[in-house]
J.: 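Okay, handing you the structure first.
Chain naming here is simple, since letters A, B, ... match the order of the sequence lines and numbering starts at 1 in each. Predicted model, so just to flag it, every value in this text is computed and none were measured.
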Amino acid sequence: MRRLLSRIGFYIVALWASVTINFLLPRLMPGDPAQAFLAGMQGKSVTPQLLASLRAQFGVTNAPLWQQYFAYLNQLLHGDLGVSNTNYPETVSQILATSIPWTVGLLGVSVIIAFVIGTLLGILVAWRRGSWLDSLLPPVMTFISAIPYLWMALALVYFLGFILHMFPIGGGFDDMLDIDWTSMDFISSVVTHAILPAFTIVLGSISGWILVMRNSMVTTLSEDYVLMAQAKGLPTRRVVLSYAARNAILPSITSFSISLGAIVGGALLTELVFNYPGIGYALITAIGHQDYSLIEGCFLVIAVTVLAANLIADVVYTLLDPRVRQERS
Amino acid sequence: MQVSSETLQPQNFPTTFLRGGRNIFKWLTSNRKMAIGSGILAFFVLVAIFGPLLTHVSPDATSNDIFLPPSLSHWLGTTKSGEDVFSQLVYGARVSLLVGFLSALGSIILQVAMGLTAGYFGGWIDNILSFIINVFLVLPGIPLGLVIASFAPLKGSVVITLLLIFTSWSYGSRVLRAQTLSMRNREFVEAARSSGETTVRIIFAEILPNEIALVASSFIGTFVYTIAADVVFEFLGLGDVTKTNWGVMLYWAQAGQALLAGGWWWFIPPGLCVALVCAGLTLLNSGIDEVANPRLRTEPKTEKLARKKQAEIEKAPQTQEEVVA
């Protein structure tokens, strides 16, 4: 419990750090959002009054940095992330609210699928160590894990979408349909549009889980208690799953936090290639349009989500590892 | 014990590594993964250095051969502005590998400095440095890099190199810190300390050489990240899109809608090269890992030998009994 509390404390400070980075970055760089917005208007007469009112709108003031900082924190706590330049007068929170569900749905499902299948394959490969599967799978997986997500997405769209017409080549749903979560047509179009991007993320991240689980399983399988379980005549399934895999899974959970950042980064690009209406697409188009408040908002949401997922991984680890759980005694 | 006689043990690593060129070759080919990995890498390095001699077309030269599929005159076809894709690929290898290498080099220096300092000093220095390392470890690197790049007033390879260093150092630092922590109280460090060596010398001349295998593997791991992340930044147009490299090629392919026009020859080759280089580096790394950690090896030979031994042991009592009888 004490470990968990200290981890929660760490994540709170990490959250504060990312909020502060988010606050400082645009203010340390030359220019401000109001000027960027005016640059987009190109040549129309700009009165000082207009500039002043835009600055007020985008929250640019000449107040000292620390005052701005507290005003910024105050706004954040009220869920106010500012106004988007490109989708003016829509607020950043509104845009994020429409894109978050898409990303969470796509990324959440693909990460879970990849973790479960990858871990099971890792167990299988380690158990059948030295078999054809063990000599084939790790090198193939090494190669697949080396493929950049964005190129894998491009290649999949090209071969399965463009040439073979098996899947739609972009978007989150069929444009012809209205967004209606009760109609079967709409839901099935969402599913068919999600298959290819989800496949990209699963393929890109699965190899990590396989290799980590294999290596950890190989170590666990050489332990005496596994030999003992076999000697007792326990069924193979029980020896593999409850004796070896149960203990070997801990490194996989630890590596979850480290891999998650990379997977999220890859998922952003996957969304871009597939024109998937999620956070990644919003972030990258915002970068293209220099829509600073939207960029900040997207980064904040991504950072918070990654931190939350890390916290969940920590909780799971604490539940799975009795040594950590009973540390208090 | 069969293992130790035929392959290298971890403690032999640094000395073998530092001996002459022939030994390096011998060492690299002692493990199949390492041999394949270093072969792929050597191929791309040679292409990057001597490749431009193979092509007579400048990568930026436009021509009237617009968007042609691969042929004998253009081995990998042409782009929509008539540039030769093969020539771009070969020249692009230089920039991509160089940016990746320099970033990985910068990153490993930072990793060694942070990891060894935190691990050696311990106490409050370790607390502060570990905290910074852990924060960078959980913050998602690529989104952070994208945000910084979008705010940066300058664009180009230098900014990207700095960003790659900035987003890649944390994991290696943590690994090196843990290793240093376990080493700081060993006898040889104590001996160096009591003989009055300076702290800098203890860290870099006593501890560092003993972690060289870990540093090498961390460097390769970082190299994989920097090459792949460089492609991402360039693909999004955050670098200098007029300087050809593999990521910029993908940027122009995307901008020219190569995919929807069916121009596979434009975007498949650069991505494939990135995948091959990264796969080669990863193989090299897991090869080193296998040499350093014999448990991970799959060795049918030793298993067979063990089984043979087992059979001999089982046979032995029988013969004894026969003798007795």
J.: Counting only non-hydrogen atoms closer than 4.5 Å, does L250(B) touch chain A with its backbone (N, CA, C, O), its side chain (CB onward), both, or neither?
T.: side chain
J.: What distance do T142(A) atom OG1 and L284(B) atom CG have between them, rounded to the nearest 0.5 Å?
T.: 12.0 Å
J.: For the CZ atom on F44(B), are there more than 12 heavy atoms of other groups (residues, nucleotides or ligands in this structure) within a distance under 6.0 Å?
T.: yes
J.: Should we say atom CG of N127(B) is surrounded by more than 12 heavy atoms from elsewhere, each under 6.0 Å from it?
T.: yes
J.: For I163(A), is it the side chain, the backbone, both or neither that has a heavy atom under 4.5 Å from a heavy atom of chain B?
T.: neither
J.: Any idea which of L281(B), I36(B), L260(B) has the most non-hydrogen atom pairs under 4.5 angstrom with chain A?
T.: L260(B)
J.: Could you give the distance from CZ (F10(A)) to CG (N134(B)), rounded to the nearest 0.5 Å?
T.: 4.5 Å
J.: Would you check if L238(B) and I287(A) make a side-chain contact, meaning some heavy-atom pair closer than 4.5 Å?
T.: yes
J.: Between C278(B), G271(B), G280(B), A228(B), which has the largest tally of heavy atom pairs under 4.5 Å with chain A?
T.: G271(B)
J.: Could you tell me which non-hydrogen atom of A279(B) sits nearest to which non-hydrogen atom of A146(A), and how far apart they are?
T.: N-CB, 3.2 Å
J.: What is the distance from atom CG of L268(A) to atom CG of L236(B), rounded to the nearest 0.5 Å?
T.: 9.0 Å
J.: Counting heavy-atom pairs under 4.5 Å to chain A, which of V135(B), T282(B), L259(B), I142(B) comes out on top?
T.: L259(B)
J.: To the nearest 0.5 Å, tell me how far L25(A) CG sits from F151(B) CZ.
T.: 6.5 Å
J.: Enter the distance from L276(B):CG to I147(A):CD1 here, rounded to the nearest 0.5 Å.
T.: 9.0 Å
J.: Rounded to the nearest 0.5 Å, what separates atom NE2 in H289(A) from atom OG in S150(B)?
T.: 13.5 Å
J.: At a heavy-atom separation under 4.5 Å, does L154(A) approach chain B through its side chain, its backbone, both, or neither?
T.: both
J.: May I ask you to name which of Y225(B), F136(B), Y171(B), W264(B) has the most heavy-atom pairs under 4.5 Å with chain A?
T.: W264(B)
J.: Please classify the contact of F131(B) with chain A as side chain, backbone, both or neither, using a heavy-atom distance under 4.5 Å.
T.: both
J.: With only heavy atoms counted, which part of L283(A) is less than 4.5 Å from chain B, the side chain, the backbone, both or neither?
T.: side chain
J.: Just so I know, are the side chains of I21(A) and L139(B) near enough to count as touching, which here means a heavy-atom distance under 4.5 Å?
T.: yes
J.: Tell me, side chain or backbone of F143(A) under 4.5 Å from chain B's heavy atoms, or both, or neither?
T.: both
J.: Between L283(B), L144(B), I227(B), which shows the greatest number of heavy-atom pairs under 4.5 Å with chain A?
T.: L144(B)
J.: Check whether any side-chain heavy atom of I268(B) sits under 4.5 Å from a side-chain heavy atom of F159(A), and report yes or no.
T.: yes
J.: Side chains of W151(A) and V274(B): closer than 4.5 Å at any heavy-atom pair?
T.: no
